Amino acid sequence: MIRYRRSALRAKPLVMLAFAALLAGAVGCQGPFPQSTFDPTTSFGRDLAGLFGLIFWWGVGVFVVVEVGVVYVLIRFRARPDGEQPVPIHGHTALEIAWTLAPAMIIVFIAVPTIQTIWRDAGPAADNPLEVQAIGHQWWWEFRYPEYGIVTANDLHLPQGRAVTVQLTSADVIHSFWVPRLGGKRDMLPGRNNRLSFTPDSVGEFLGQCAEFCGLSHANMRFRAIVHTADDFAAWVAAQNSPHASEDSLSTLEQQGLAAFRAVRTPASNSCIACHAIQNVSFGVLGPNLNHVAGRSTLAAGVLNNTAEDLAAWLRDPAAIKPGSLMPTIGLSQQEITALVAYLRSLR
Ligand code: HEC
Ligand SMILES: [Cu+2]
């Protein structure tokens, strides 16, 4: 009696815990799902989701057949009081052939659509694709548009309805390019070119993420694919290709910022110009190209908002915001930070 009551007491919190976990899980099932592969916006993404669905339903079919078989055998051949022994089926040729063939058939049913999909989607994009070179860096994304002479970072701008070929490579370690709603995930390997081809069909912003552990700030290596209408994309290209405001037209504070940007520091590797490129100012390539940086949707690969306060915090101590950041803490004065923020925010 006492034992029974003890275990009942122990079971109660367990049941409640299980219930709470179930509730938490169910609440977590509510959208929105900004990085769901089940809501594709390219033909490539739809092909992959379709293939997944097909194989999932094959799996459901196999599950049902196997479970029905198990339940049938459990009931049909259960121990009976009269002790009747079932007849063994060892060496039953027809059965042996059947259960060898059935899995082989299932593999064929999975393999044929899979290979068809690979054939359809792994090739180069159709006529006149937009080529974008995506280069993974610890821990940010460089995007180059050879057709337009544009180099930018962390925002992948794309036109709706035009095929895109993204050439994938890395400047350092292995990264992986993944925008779940555009479809597919593909590694970026140093010294090698991989390719993803797709045609975006919906305007919008789609979140991307490095999907291969690449060091301390791997989880802080995010980006956005921003799909525009053809006209808006042309406007974006024109804005990227327009020159920055001339030096003479900068305010005094902005000019001080430009001077701080150009300053050669000690050690020299702490100079902004050693790592960053700005049109007509510098050619560094270790960090993101800063042309039109004020127009980006985020700073530091999705970690910061592109605001004056966040930019100032970044310049003060990058590693405090992004562990392991390859931009050093330079020890800028408050005056230099204010001026640099004003200058960088003039690069619209
Ligand atoms: C040793 C190289 C190096 C130096 C020197 C350097 N940076 Fe950086 N910078 C980087 C790297 C690398 C990143 C990318 C960090 C990341 O997102 O992980 C970066 C990011 C930035 C960004 C964010 C850009 C974006 O689009 O996200 C700004 C702005 C910036 N640096 C400004 C400066 C300024 C101003 C200076 C000089 C005071 C400077 N940097 C000095 C390497 C450097
Ligand atoms: Cu990475």
Side-chain angles (χ1 to χ4, degrees), residues 134-143 151-156 168-178 185-190 208-224 254 256-278 281-308 310-347:
I135 303 156
H137 295 258
Q138 284 175 316
W139 290 276
W140 57 280
W141 308 81
E142 178 174 351
F143 299 118
V151 180
T152 186
N154 303 327
D155 282 344
L156 172 61
L168 303 163
T169 191
S170 166
D172 37 51
V173 301
I174 300 177
H175 302 275
S176 186
F177 177 98
W178 194 28
K185 165 168 66 178
R186 202 146 291 171
D187 278 3
M188 307 170 103
L189 305 159
Q209 168 74 53
C210 181
E212 179 73 53
F213 181 71
C214 58
L216 208 51
S217 263
H218 161 65
N220 293 321
M221 186 169 165
R222 289 169 242 161
F223 70 106
R224 272 161 213 239
E254 289 164 358
Q256 286 168 0
L258 174 55
F261 189 85
R262 282 195 169 124
V264 176
R265 299 171 187 277
T266 320
S269 60
N270 268 359
S271 321
C272 316
I273 50 174
C275 297
H276 292 288
I278 295 180
V281 175
S282 61
F283 306 93
V285 294
L286 293 180
N289 184 305
L290 295 180
N291 283 335
H292 302 284
V293 64
R296 287 182 195 158
S297 64
T298 67
L299 290 175
V303 174
L304 292 173
N305 295 319
N306 195 353
T307 61
D310 279 12
L311 179 54
W314 175 255
L315 296 179
R316 192 169 295 118
D317 190 357
I321 289 162
K322 198 163 177 177
S325 164
L326 296 184
M327 171 156 158
T329 298
I330 293 164
L332 300 164
S333 69
Q334 187 53 51
Q335 167 61 29
E336 280 178 308
I337 291 176
T338 309
L340 278 166
V341 168
Y343 169 61
L344 291 170
R345 290 187 63 77
S346 80
L347 305 177

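Every number for a ligand or one of its atoms is a count from 1 in the order of the listing. Only a predicted model underlies this, so the values are computations on that prediction, with no experimental measurement involved.
- The closest non-hydrogen atom to atom 36 (C) of ligand 1, taken over A274, C275, C272, G284, comes from C272.
- Look at H218 and the Cu ion (ligand 2): no N/O/S atom of the residue is under 2.8 Å from the metal.
- For the pair H276/P288, a side-chain contact is recorded, criterion being any heavy-atom separation below 4.5 Å from C-beta on.
- Taking all heavy atoms of P288, P328, A294 into account, the minimum distance to atom 13 (C) of ligand 1 is reached by P288.
- Closest N/O/S atom of H175 to the Cu ion (ligand 2): ND1.
- Side-chain atoms of V293 and L299, non-hydrogen and from C-beta on, do get closer than 4.5 Å to each other.
- Under a 4.0 Å criterion applied to the non-hydrogen atoms of I330, ligand 1 contributes the atoms 37 (C), 38 (C), 41 (C).
- Each of the atoms 5 (C) of ligand 1 lies under 4.0 Å from some heavy atom of N270.
- A distance of 10.0 Å separates CH2 in W140 from NE2 in H175, rounded to the nearest 0.5 Å.
- Using a 4.5 Å heavy-atom threshold, the side chains of W139 and C214 count as touching.
- Side-chain N/O atoms of D187 and S176 include a donor and acceptor closer than 3.5 Å.
- Polar contact check, W140 against ligand 1: no nitrogen or oxygen pair lies under 3.5 Å apart.
- Among protein heavy atoms, atom 10 (C) of ligand 1 sits closest to M327 CB, 3.3 Å.
- Taking backbone and side chain together, M221 holds an N, O or S atom under 2.8 Å from the Cu ion (ligand 2).
- The shortest non-hydrogen separation linking Q209 to A219 is NE2-O, 3.9 Å.
- Of all protein heavy atoms, the one lying nearest to atom 23 (C) of ligand 1 is W314 NE1, 4.0 Å.
- Put simply, the side chain of R296 does not reach to within 4.5 Å of the side chain of N154, judged on heavy atoms.
- Of all protein heavy atoms, the one lying nearest to atom 24 (C) of ligand 1 is L290 CD2, 3.8 Å.
- Close approach to L286 involves these atoms of ligand 1, each under 4.0 Å from a residue heavy atom: 12 (C).
- Close approach of ligand 1 to G287 (heavy-atom distance below 4.0 Å) involves ligand atoms 10 (C), 11 (C), 12 (C).
- Residues K322 and W314 meet the side-chain proximity criterion, which asks for heavy atoms closer than 4.5 Å.
- Atom 18 (O) of ligand 1 has K322 NZ, 2.9 Å as its closest protein atom, hydrogens excluded (heavy atom only).
- Neither the backbone nor the side chain of N220 has a heavy atom within less than 4.0 Å of ligand 1.
- Two residues are said to be in side-chain contact when any heavy atoms from C-beta on lie closer than 4.5 Å; R224 and T298 meet this criterion.
- In this structure, P318 and T329 have side chains that are in contact, with non-hydrogen atoms separated by less than 4.5 Å.
- The aromatic rings of F261 and Y343 lie tilted to each other, with the angle between the two planes from 30° to 60°.
- The contact set between ligand 1 and L299, taken as ligand atoms under 4.0 Å from a residue heavy atom, comprises 27 (O).
- At least one heavy atom of S271 lies less than 4.0 angstrom from ligand 1.
- Looking at L286 and L326, their side chains never come closer than 4.5 Å, going by heavy atoms from C-beta outward.
- Proximity of M221 to ligand 1, defined as any heavy-atom pair under 4.0 Å, is not found for any part of the residue.
- Under the 30°/60° scheme for interplanar angles, the aromatic rings of F223 and F177 are found to be tilted.
- The ligand atoms of ligand 1 that sit less than 4.0 angstrom from a heavy atom of N154 are 27 (O).
- Here H276 meets the criterion, with an N, O or S atom under 2.8 Å of atom 8 (Fe) of ligand 1.
- Any N or O atom pair closer than 3.5 Å counts here, and L315 shares no such pair with ligand 1.
- Heavy-atom proximity to atom 25 (C) of ligand 1, evaluated over G302, A300, A153, is greatest for A300.
- For L311, every heavy-atom contact with ligand 1 shorter than 4.0 Å involves the side chain, none the backbone.
- Contacts of P318 with ligand 1, taken as heavy-atom pairs under 4.0 Å, are absent altogether.
- With a 4.0 Å heavy-atom cut-off, ligand 1 is reached by the side chain of R296 but not by its N, CA, C or O.
- Each of the atoms 1 (C), 5 (C) of ligand 1 lies under 4.0 Å from some heavy atom of S269.
- Applying the side-chain hydrogen bond (donor to acceptor under 3.5 Å, both in side chains) test between S297 and each of D155, N305, N306 identifies D155 as the sole match.
- Looking only at distances, a side-chain donor or acceptor of S333 sits under 3.5 Å from a matching main-chain atom of E336.
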